Amino acid sequence: MPTAPAHALTDATTSDRTLRRFLHGLPGVDTVGLEARASALGTRSIKTTAKAYAIDLAISMIDLTTLEGADTPGKVRALGAKAVNPDPTDRGTPKTAAVCVYPDMVATAKEAVGDSGVKVASVATAFPAGRAAIDVKLGDVREAVAAGADEIDMVIDRGAFLAGDYMTVFEQIRAVKEASGEARLKVIFETGELSTYDNIRRASWIGMLAGADFIKTSTGKVGVNATPANTLLMLEAVRDFREQTGVQVGVKPAGGIRTSKDAIKFLVLVNETAGQDWLDNHWFRFGASSLLNDLLMQRQKLATGRYSGPDYVTVD
Amino acid sequence: MSDRLTVLKTYKLYVGGKFPRSESGRVYEVTDSKNKWLANAPLSSRKDARDAVVAARKAQGGWAGKTAYLRGQILYRVAEMLEGRKDQFVREVADAEGLSKSKAAVVVDAAIDRWVWYAGWTDKVAQIVGGGNPVAGPFFNLSSPEPTGVVTVVAPQESSFLGLVSVIAPVIATGNTAVVIASENSPLPALSLGEVLATSDLPGGVVNILSGRTAEITPSLASHQDVNAIDLAGVEDDDLAKELEVAAADNLKRVVRPQPVDWSADPGTHRLTAFLETKTVWHPTGSLGASGSSY
Amino acid sequence: MTSTPSASAAFEYAPAPESRSVVDIAPSYGLFIDGEFAEAADGKVFKTVSPSTEEVLSEVAQASSEDVDRAVKAARKAFEKWSALPGAERAKYLFRIARIIQERSRELAVLETLDNGKPIKETRDADLPLVAAHFFYYAGWADKLDHAGYGADPRPLGVAGQVIPWNFPLLMLAWKIAPALATGNTVVLKPAETTPLSALFFADICRQAGLPKGVVNILPGYGDAGAALTAHPDVDKVAFTGSTAVGKAIARQVAGTDKKVTLELGGKGANIVFDDAPIDQAVEGIVTGIFFNQGQVCCAGSRLLVQESVQDEVLDALKRRLSTLRLGDPLDKNTDIGAINSAEQLARITALTETGEAEGAERWSAPCELPSSGYWFAPTLFTNVTQAHTVARDEIFGPVLSVLTFRTPEEAVAKANNTQYGLSAGIWTEKGSRILAVADRLRAGVIWANTFNKFDPTSPFGGYKESGYGREGGRHGLEAYLDV
């Protein structure tokens with residue numbers, strides 16, 4: 001069994017019983033109140049200099065993602081080039097944080113981003129369903145790491161979680177963390193399948209207790225992915241976790257964030273919930289693909305005063 | 001009939017479930033409509049009124065906390081007990097109001113029936129005046145009536161029994177407790193009612209009955225900071241009514257002003273709802289899961 | 001408290017002011033009597049200022065008792081025809097008014113923010129939507145009064161004299177005028193002297209809606225005009241929202257008359273947080289409870305009763321949350337905390353908080369820079385407060401929260417009820433049966449469980465004890481304006 005991290009809450013994970021007790025002792029979440037807070041923060045009006053700041057920050061936080069059965073080396077190379085140089089008309093545009101691909105595309109992606117500083121993230125652990133034996137999942141992770149992945153995006157075993165087998169979920173994350181070595185680990189909950197906010201809060205704490213570097217909403221492969229409310233809830237979790245343990249954990253909403261307006265709302269959530277310390281791509285990411293072009297068009301509008309159009313950003 | 005000397009009754013106050021004399025030791029003569037002496041009634045003081053408020057306050061939470069069904073049963077029990085002592089009340093009402101025995105019997109019957117009417121209201125009034133409110137948001141919102149608390153009731157002067165019952169029953173049906181000032185000149189039916197209430201499973205303190213001078217007792221009750229409402233039904237002097245209403249404003253008592261009332265008519269719900277507060281409770285409803293959950 | 005930008009790397013929100021150009025404030029306004037704007041009989045005027053800048057917005061005619069008499073006469077004259085109109089026709093006037101309010105809502109929101117000092121976020125998202133909704137709701141009642149539970153064909157009372165406060169000027173107007181007109185009464189309304197403008201704009205809305213002359217009369221003025229109105233012998237119905245002291249004075253004034261009265265007065269609402277509360281939402285509820293409208297709300301949750309076992313956790317979270325509140329220009333869309341309505345109110349808040357400190361309560365505010373002109377008060381917490389402290393008993397009517405602790409539900413209820421007021425209370429716990437048990441025992445007219453400061457036209461509002469009597473809103477709100 002992998003060793004647990006050393007912090008104030010290690011007692012919580014000494015047994016299935018203590019873990020269950022700890023998770024069920026977390027404060028409940030009132031659905032209406034949480035969603036009302038998320039939507040109230042959504043009314044912030046981010047204009048001019050603040051908007052320019054937010055757009056550049058959002059671009060720099062994108063994990064530019066392609067996770068299709070039809071992914072080819074050519075598609076991944078194009079994505080890598082876009083990540084490094086999002087707007088050919090303005091070289092001052094920030095790079096994205098990473099590209100995110102399947103494990104077998106990691107080597108291609110690494111080559112495409114070169115030494116630009118753009119990271120390569122790989123989904124693993126039988127993404128997106130996570131329905132495979134632990135050995136298969138760990139093999140998946142090792143393959144990605146061996147190919148040079150800087151970051152691993154794993155999925156938790158939602159079946160085990162919903163069956164109440166929290167320790168299995170915890171131990172699998174620990175095992176994946178160990179297999180990830182130096183790579184930073186993002187733990188995907190698939191919030192749409194966990195269904196309730198109480199579950200999302202519990203999953204967040206399992207992930208953080210098990211050593212996640214990031215907690216991540218979703219795969220982008222189910223009906224409901226990142227929402228302002230579930231992201232707000234996870235931001236509260238990382239905020240509270242740092243307060244109790246001193247350990248900072250990142251947050252990555254993924255799937256469904258398509259417009260600059262949406263992205264800026266998420267940044268407001270970060271700013272007013274977890275705070276300034278998370279306003280950096282080391283601690284906050286967007287799992288997205290089409291979002292980037294919208295941000296680029298908005299960026300061009302701010303620069304030129306004209307509304308841009310899809311012909312003035314690149315199609316990948 | 002033998003020439004046996006009858007045993008006269010000593011009329012006493014009814015406070016906190018007990019039958020005390022006035023703490024002042026005073027009594028006053030009660031006569032019938034032909035000025036014939038009937039009895040000596042306690043002449044209550046302000047201290048008696050104060051004690052009655054204490055008793056009423058003490059009883060209020062418990063009485064309001066009983067199920068409406070049980071309150072209904074107890075009010076019905078009052079009707080049952082009165083039915084058994086009808087002859088006594090017919091005699092007292094006839095003496096008090098100068099009515100023939102048969103007319104007095106009609107009044108007493110109506111008073112008994114009034115208890116039955118209010119007994120049936122206890123578990124219905126919330127459904128008539130409360131209910132859910134369809135607010136424009138994810139909230140469950142329910143308004144329910146609650147008793148306002150301790151109510152001072154100045155009973156009607158002329159209708160010493162039917163009027164009395166008509167002002168007490170609605171107050172307690174809804175969970176309030178009452179401090180009642182009986183008709184000044186005709187307090188005997190009221191004092192006897194106390195004996196009936198005491199044997200009707202009505203908890204002590206729910207109804208407290210004082211006899212005496214209306215003008216003497218009422219001002220301290222109108223200004224009493226631990227009284228929540230006042231029914232001025234029996235205040236016949238306009239200046240006194242105004243003075244009492246002014247005093248009642250000190251703690252914003254709910255006031256029912258004196259009005260001409262035909263006590264034999266259908267009472268409606270006015271007195272039943274006059275001593276109710278509406279409490280509205282909100283609670284989020286939300287959804288089964290996180291917003292947009294696929295389940 | 002975020003008020004000025006600091007490090008350049010930080011996510012500082014640039015100013016996002018709502019445009020003032022949507023509202024055209026005239027240099028002067030008259031009284032609105034019998035469908036016409038008119039000068040005061042004695043020619044008196046007063047200035048209304050923007051509390052956030054002290055800029056004079058306009059000069060407004062100041063009603064005296066002579067004007068009150070004129071307005072009541074106009075309302076009396078209009079009553080005959082208005083009350084005889086079929087309910088369906090009265091309904092259509094009210095629907096028109098509701099629609100015009102919706103059309104002009106941005107203009108009215110900006111106007112209200114200018115005259116009152118509250119953030120545009122609130123006037124835009126709370127006040128104005130509720131104002132329109134209130135007129136819509138009562139419009140629908142006008143032709144359904146037979147079904148309201150007050151017997152067949154319930155009759156209006158006559159002329160309603162209404163006096164409203166400055167904290168929600170247009171919303172309080174809606175709460176008063178909508179049910180009055182729906183039931184067939186006519187109205188003389190006095191807005192507060194610090195916030196007369198939205199009521200005068202409402203007069204213009206009545207004109208646009210074609211409302212018959214004299215049905216609504218608006219008399220800007222001071223307390224003397226209010227007293228003259230509530231005392232007027234030809235006023236059948238008095239509706240007042242404001243302080244408990246004035247409410248008591250009105251109750252004395254109407255003693256011995258046939259006037260029907262509703263009073264919506266002060267409060268000292270307890271917001272009770274149990275150890276099993278949804279803490280993050282509870283913190284939001286505490287903030288909404290006391291800092292909504294700068295705490296100038298009669299139903300504010302001005303006493304936080306927190307279970308001692310979670311006191312530190314809740315207070316830490318609360319303080320952290322307070323440091324994100326944005327105080328400043330009320331017209332900025334990102335402003336959370338606006339200006340205090342008047343110098344007088346600011347002085348009252350200041351005096352009461354000084355008393356709090358002098359009595360030994362511990363005062364805390366997030367670091368906060370206040371604008372140099374206008375009336376401002378930083379959101380403030382008092383800890384180590386007991387029931388005996390003035391700040392736990394007196395209504396402060398400002399952004400000041402007194403924090404008390406309790407050990408058991410029994411103690412929480414006892415402390416919550418230990419006040420002469422009884423308007424609102426909050427309960428935070430995930431345990432359903434506890435909510436119901438505590439809600440049942442609290443002596444307050446509005447209980448918010450796991451939420452706070454929610455309002456709706458269908459939901460009756462009003463207090464127990466010295467918070468007043470009568471209910472506004474919902475079916476219950478009709479009773480105040482019907483002869484039943």
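Every chain is numbered from 1 and lettered A, B, ... according to where its sequence line falls, protein lines coming before strand lines. Keep in mind that what you see is a predicted model, and the values were worked out from it rather than measured.
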I'd like a table of all donor-acceptor pairs linking chain C to chain B (distance under 3.5 Å, no angle check), giving the atom names and the distance to one decimal.
residue, atom, partner, partner atom, Å
C:Lys248, NZ, B:Asp250, O, 2.9
C:Arg252, NH2, B:Asp250, OD1, 3.0
C:Val254, O, B:Arg257, NH2, 3.4
C:Gly256, N, B:Glu245, OE1, 2.9
C:Thr257, O, B:Arg257, NE, 3.2
C:Thr257, O, B:Arg257, NH1, 2.9
C:Lys259, O, B:Arg257, NH1, 2.8
C:Lys259, O, B:Arg257, NH2, 3.1
C:Ala439, O, B:Lys279, NZ, 2.4
C:Asp440, O, B:Lys279, NZ, 3.2
C:Leu442, O, B:Lys279, NZ, 2.4
C:Arg443, NH1, B:Pro147, O, 3.1
C:Arg443, NH2, B:Thr148, O, 2.6
C:Gly445, O, B:Thr280, N, 2.8
C:Ile447, N, B:Thr280, O, 2.7
C:Ile447, O, B:Trp282, N, 2.8
C:Ala449, N, B:Trp282, O, 2.9
C:Asn450, ND2, B:His283, NE2, 3.0
C:Asp456, OD2, B:Ala136, N, 2.8
C:Ser459, OG, B:Asn141, ND2, 2.9
C:Pro460, O, B:Thr280, OG1, 3.3
C:Gly463, O, B:Arg254, NH2, 3.1
C:Tyr464, OH, B:Glu146, OE1, 2.7
C:Lys465, O, B:Arg254, NH1, 3.2
C:Gly468, O, B:Arg254, NH1, 3.4
C:Gly468, O, B:Arg254, NH2, 2.6
C:Arg471, NE, B:Thr278, O, 3.0
C:Arg471, NH2, B:Glu277, OE1, 3.4
C:Arg471, NH2, B:Thr278, O, 2.9
C:Arg475, NH2, B:Val129, O, 3.3
C:His476, NE2, B:Val129, O, 2.7

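- Proximity to chain C is absent for every atom of B:Phe140, based on heavy atoms less than 4.5 angstrom apart.
- Heavy-atom pairs under 4.5 Å with chain B peak, among C:Gly474, C:Gly426, C:Gly149, C:Gly468, at C:Gly468.
- Nearest heavy atoms, B:Ile230 versus B:Ala248: CG2-CB, 4.2 Å.
- Heavy-atom minimum distance, B:Ala59 versus B:Gly204: CB-O, 3.5 Å.
- With a threshold of 4.5 angstrom between heavy atoms, C:Ile427 does not approach chain B through any atom at all.
- When heavy atoms are compared at a cutoff of 4.5 Å, B:Pro147 approaches chain C solely by way of its backbone atoms N, CA, C and O.
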Just do the side-chain contact (heavy atoms from CB on, under 4.5 Å) check on B:Leu210 and B:Val180 with the steps written out, would you? CA-CA 6 Å; B:Leu210 304 174; B:Val180 181; over 6 Å; no
So B:Phe275 and B:Val256, side-chain contact (heavy atoms from CB on, under 4.5 Å) or not? Walk me through it. CA-CA 9 Å; B:Phe275 304 111; B:Val256 173; 3.5 Å; yes
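- When heavy atoms are compared at a cutoff of 4.5 Å, C:Ala133 does not approach chain B at all.
- B:Ala56 approaches B:Val179 most closely through the heavy-atom pair CB-CG2, 4.0 Å.
- Looking at B:Ala241, there are no atoms closer than 4.5 Å to chain C (heavy atoms on both sides), in backbone or side chain.
- Atoms CD1 and CZ, on C:Ile279 and C:Phe274 in that order, are 12.0 Å from each other to the nearest 0.5 Å.
- For B:Val255, no part lies under 4.5 angstrom from a heavy atom of chain C.
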Start with the C-alpha gap between C:Phe136 and C:Arg99, add the side-chain angles, then the distance that decides, and say whether side-chain contact (heavy atoms from CB on, under 4.5 Å) holds. CA-CA 8 Å; C:Phe136 258 98; C:Arg99 272 288 192 244; 3.4 Å; yes
Could you walk me through whether B:Val171 and B:Val207 pass side-chain contact (heavy atoms from CB on, under 4.5 Å), step by step? CA-CA 9 Å; B:Val171 167; B:Val207 173; over 6 Å; no
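- Between chain B and the residues C:Ala251, C:Gly445, C:Gly256, the largest count of heavy-atom pairs under 4.5 Å involves C:Gly445.
- Interface remark: B:Leu232 contributes no atoms to any contact with chain C (heavy atom separation under 4.5 Å).
- Of the atoms belonging to C:Phe455, it is backbone heavy atoms, and not side-chain ones, that fall under 4.5 Å from chain B.
- Of the residues considered (C:Ala439, C:Ala425, C:Gly462, C:Gly422), C:Ala439 shows the highest number of contacts with chain B, using heavy-atom pairs under 4.5 Å.
- Here the straight-line distance linking atom CG of C:Leu130 with atom CG of C:Leu171 works out to 5.5 Å at 0.5 Å rounding.
- Residues B:Val153 and B:Ile181 fail the side-chain proximity criterion, which asks for heavy atoms closer than 4.5 Å.
- Heavy atoms closer than 4.5 Å to chain B are found nowhere in C:Ile250, neither backbone nor side chain.
- When all heavy atoms are compared, the tightest approach of B:Ala169 to B:Leu75 is O-CD2, 4.1 Å.
- There is no contact between C:Leu436 and chain B, counting heavy-atom distances below 4.5 Å.
- For the pair B:Val151 and B:Val227, the minimum side-chain heavy-atom distance is 4.5 Å or more.
- Chain B forms the most heavy-atom pairs under 4.5 Å with one residue out of C:Gly247, C:Gly151, C:Gly463, and that residue is C:Gly463.
- Counting only heavy atoms from C-beta outward, the side chains of B:Leu202 and B:Ile172 approach each other to under 4.5 Å.
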